[in-house]
Every structure is written in structure tokens, then in C-alpha cells.
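These notes are about the structure you will find just below.
Note: hydrogens, waters and symmetry copies are ignored here, and every other heavy atom, side chains too, is used. Lettering of chains follows the sequences in order, A, B, ..., and the numbering in each one begins at 1. This one's a predicted model, so the numbers in the text were calculated from it and none came from an experiment.
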Protein chains: 2
Amino acid sequence: MTDQIAPTLPLSAWMKQSQAQIETALSDFLPPCAQVPTHLHEAMRYAVLDGGKRVRPLLVYAAGQLFDAPQDELTRAGCALEMIHAYSLVHDDMPCMDDDALRRGKPTVHVKFGEATALLVGDALQAQAFLILAQGNNAPERQLEMLQILAHSSGSLGMCGGQAIDLASVGMSLSREQLEQMHQLKTGALLRASVLLGALCGQQLSEDERAALFSYSHAIGLAFQVVDDILDATADSATLGKTAGKDAEQNKPTYVSILGLEQSQQLAEQLRLQAHQALAIFSTESNNTSPSSRTARLLQLADFIVQRSA
Amino acid sequence: MTDQIAPTLPLSAWMKQSQAQIETALSDFLPPCAQVPTHLHEAMRYAVLDGGKRVRPLLVYAAGQLFDAPQDELTRAGCALEMIHAYSLVHDDMPCMDDDALRRGKPTVHVKFGEATALLVGDALQAQAFLILAQGNNAPERQLEMLQILAHSSGSLGMCGGQAIDLASVGMSLSREQLEQMHQLKTGALLRASVLLGALCGQQLSEDERAALFSYSHAIGLAFQVVDDILDATADSATLGKTAGKDAEQNKPTYVSILGLEQSQQLAEQLRLQAHQALAIFSTESNNTSPSSRTARLLQLADFIVQRSA
């Protein structure tokens, strides 16, 4: 959500407003339950609506503020990213993958609707993500680039590739570099895409701007995972809304298992500062709005990602 | 494959040439086995390469001849459609769906690589399909429309929706109309998309042209399924390259079970004639090439779909 209406909104209120806006849009972008095939549409809506922090759409909104991007296009891109994320959770929770029964405090899709429907829910949500992004109203060339970014970041050289490496690494001893590579694909790629798509809703980007946004999103992507590992080791299931301690139980390598808790916390803080520094380029350019307001939300989200408790 | 080089090539030779061209392009459009994650890329290539009749790319090539579409763009669109088709087969074969062990004469992906990898193979192939289509060089507005068509035809109101209805109909008594609705989504949607995408690689379409192509592809889509049902009831597994007689065994409704064998064969022939008639519009327009050569391949493919033996 851009800040035209309430430029001084505190982060928590801005997040709440933005999340409500995304929730409404996600509902609008999904076929209604009453439409055939009703069982599939009911399950798709169950998988997407009423849950999650919507970190990816928040990053889209925040990055859109760099260039005053149109609100509707940001919402559309945010919903496409969130549908990709939601489909990956549905498939990731299935018995042949993580076999998880609880997600966002609710039974997972395959527990509630059956495995076959869960498989189709994920497949159909991925198609829906590309459909709504392909219907966007940015300049067609830019819209095509956004679709390329979404596809690349979610495919075998992005999210799916990270999941494949994750699968292959269960029970293995990974180095910190290997762990980072895995996470930069599994969760990082889609977070980087979120920042890029938000900015591209505003304008075409220079190489310097791309590099700065890459650096920012690379840092927060990694920070996101480090904090996830810290929370998995320290929080309880009720707080997380998902089964805590699964990583250790499944003998999966984590930052906490490799670096220990204290060093993991230090790393998260380092990454937060890196993210802040990466955005300096946008503060030195001349522009009509004050530098701080253009980057404020991205900076605040970097802080939020590191300091969150769930 | 367009006929510039060999305009008088018999259908079987044209199909063989086109299939070889698609095979090369599919290989080029897939990440190499040596690229990380190697296990996933190996499995993706296994799922896509060296098999199948490539009916969807053949329809793209044939429809492209209506408007002299550029060969490279047709190949790209055909590969995108084939990757969507291939991913759907991988997921469809999984234990929670059809639980099939044999496909195109080879062990299915989950049998050879494991269920978790099969799930990711399908997910990553879908993303790859949208990636390569988004990198196309048609006019950007048309390229976006092609992406919308691909997404719509493969999602919950297309292929995935048909699979959901199919799932729900196991063991149920379907009417002929319900069976037709299911198939028009499950396999028909992607076949219709193939014809449209091929034509759109050539030029923007008038409403009449769209309606004619819809009528043609609607007929061949249905014919394709009727013939599939006939073959499933009459051919053996070695000829089909997949397990024969599964539909009857799983108590799934088919055209043969509803109409009987003889009426099913009559229906297939009716649909073949409908497909021919639908293309009449393209023969009455004035154009530089002879009417017959513009529509020849589409007409021959309609015949092939009905008269094939595997």
C-alpha cells in the first residue's frame, strides 16, 4: 500500500492496511467457490486466503514506493507472488515432501481436502499467478519482463530448485555456503522477485538500481531464513502457527545447527544493516519526495524481517 | 514445421520432421543435466524428452501455416504447450492421482526418481513453460495474450479443472454431457490453446477467425478423447506405451462405456467432419497461397487424430 493517504502511518498500521488490501484482492483474483469445479476452487481459496504475513506483497508495495508505482499494478503483482508462495506451501506440506499437518494454525490442504486435490490446488494456483500477472496493465514490454522474473524465480533455477537441493540435503552435513545457496533459491529468489516486480511496476530500471535492489533483497532473503531457523529452534508451534522444531527432528541443516544461536542472531543483524546500506543509492538521487520517504518502507521491512517473533 | 522447404511433404514425413525439430528445441529450452540442481534437471528432461506424439506442437505448427507465422515463435509456443502437457502427465501419474507405473513405454517419473522429485518436476516444468513463452518475440501485446491463453487453459478453468472433475467422477455415473464437459477442460482446453497460439504467432485474429478456430479445435479435442477411450478399450499396453484398460479397471466413465464402441467410432467420424467444415472460412478468403495449402495441415491433423492407432 502506498502512503499517499497516510504518509506517516506507523509500520504496523501500514502492514495491517496493506494486508487487508491484499486479502481483498486475492479473493477477487480467485474463482468463487460456487464456480465449477467447486471442490477445487474451495480448496484453492482455503490455501490462499485468511493467513500468512503476506511478506512478498508487502515487499512489492514497499518497492513500488521508490518510483510511485500505480497501486493496482502493485496489488496485482503482489497477489501473483503470493499465489506462487501459497502453491509452494501446499505442495511442500504434502506427505511425499515435508508431511506437515498444520499450516498457519489450520490443517494443511491435503489433510483437509485429500492429496490429489492438494496436488491440483498447487498446480492451478501456479497457473492463476501467471494469469493475473499476464493481465497487468504496465507497459507490455515491462509486463513481459515481470512475467519472466516470476517464472525464473519460481522454477528450477529458483524456488523449485532450492526445494530440490533441500530434499537432497536431509540428513547431510552442509557447509554454510551450501546452506546459503539452498535458501537463496528456495525462499530468496521469490523475495528478490517481489522487490524487482514492485520497482518495475513504477518504471524501467537502470543497472545500478537493479544492483542495489538485488543487494537489498539478497540480504533480507538470507535474513528471513536465518530468523526462520532461530524461531524454529526457540519458539513454540502455537506462536509460529506451524509445527516447531521440525528441522532438528528431520535432521535438516539450519543456521542454528551450523553457527549456533548467538552467531545466527549476529548474522541476522549484519544482514539487516547490509539491506539498509544497499538502498543508499536511492537517497542520493534528486527527486521530488524526500529520500527517506521513498525508501522508508523497505528499510522498515528489513527491520521487521529480522525482529519478528513469528 | 512450415512447409516452405517441402510443401508437398506427406503428413507422416512432415510430422516426423516437426517432431524432430520440437525435440531439439525442447532440449534447448530445458536446463542441462549438469546444471545444479542436477537431479531435478535430469528428471525434468526425462519427463519431457524422447517420447510422445507432440500433438500440441504439431497443432501449433499447422495453425501457424494459416498466417505464415515465424517458425521460431511457433516452435517456442509449441514447446511451452508441450511442457505444460508433460508436467500434467507427471503429476497425473503420481500415486495420489492415477498411480501409473508406465508412460510412453518408460517407468513414470515418480517410479524412477521418487515422489518428491516428481512433484517438483511438474512444478518446475510449469514455470519453465511460462518462462519460455514470456521470452517470445511476437508483438508484446500479442505475446501477453498468448500467456493469458496458456495460463487460462492450464488452470482451474482449464486442464486442472478438468482433472478435478475427473477425480470427483471416479465410480460415478456421468451423462454424456458431463463427460464432454470434463474432457473439454481436461484435454480440450490445451488443444484449443495450441491452435490459437499457433495462429496468434502469425497475426491478431478477427472474431470470425477465433470462432472458426474454436469450432475446429473443440471438435478435434473431443475427437481426441473419444479415440483415446476407444484405444483404451481395444488396444494393448505395448501399442499404447501406457497401461491399457485402466479406465474400465478404475470404473471411470468413458465414451465407450456410455455410447458403446460402434457409436463412439461414429461420433469420432462426425467430429472429424465438423473440424473440416469449421475451417471453410479460411478457404473463402483471398490470399496469395492456395486455400488448400493454408489449411492442409490442420485438416490432415484432424484426420490423424481420429484415425491413429496409438
With a 4.5 angstrom heavy-atom cut-off, which part of A/L144 approaches chain B: side chain, backbone, both or neither?
-> both

Portion of A/M146 that has a non-hydrogen atom of chain B nearer than 4.5 angstrom = neither

Measure B/M159 against the heavy atoms of chain A and call it side chain, backbone, both or neither at under 4.5 Å.
-> neither

Hey, can you dump all donor-acceptor pairs under 3.5 Å between chain B and chain A, distances included?
residue : atom : partner : partner atom : Å
B/H41   : NE2  : A/S156  : OG           : 2.7
B/H91   : ND1  : A/D123  : OD1          : 3.0
B/H91   : ND1  : A/D123  : OD2          : 2.7
B/D123  : O    : A/Q126  : NE2          : 3.3
B/D123  : OD1  : A/H91   : ND1          : 3.0
B/D123  : OD2  : A/H91   : ND1          : 2.7
B/Q126  : OE1  : A/A127  : N            : 3.2
B/Q126  : NE2  : A/D123  : O            : 3.3
B/A127  : N    : A/Q126  : OE1          : 3.2
B/A134  : O    : A/Q148  : NE2          : 2.9
B/Q148  : NE2  : A/A134  : O            : 2.9
B/S156  : OG   : A/H41   : NE2          : 2.7

Greatest number of non-hydrogen atom pairs under 4.5 angstrom with chain A, of B/V121, B/V36, B/L147, B/L120, falls to B/L120

Between B/G155, B/A124, B/A134, B/P31, the one whose heavy-atom pairs under 4.5 Å with chain A are most numerous | B/A134

So how far is it from B/C96 SG to A/L119 CG, rounded to the nearest 0.5 Å?
->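 Going from the SG atom of B/C96 to the CG atom of A/L119 covers 5.0 Å.
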
Considering all heavy atoms, the nearest A/C160-B/L40 contact |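 The pair with the smallest heavy-atom distance is O-CD2, 3.9 Å.
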
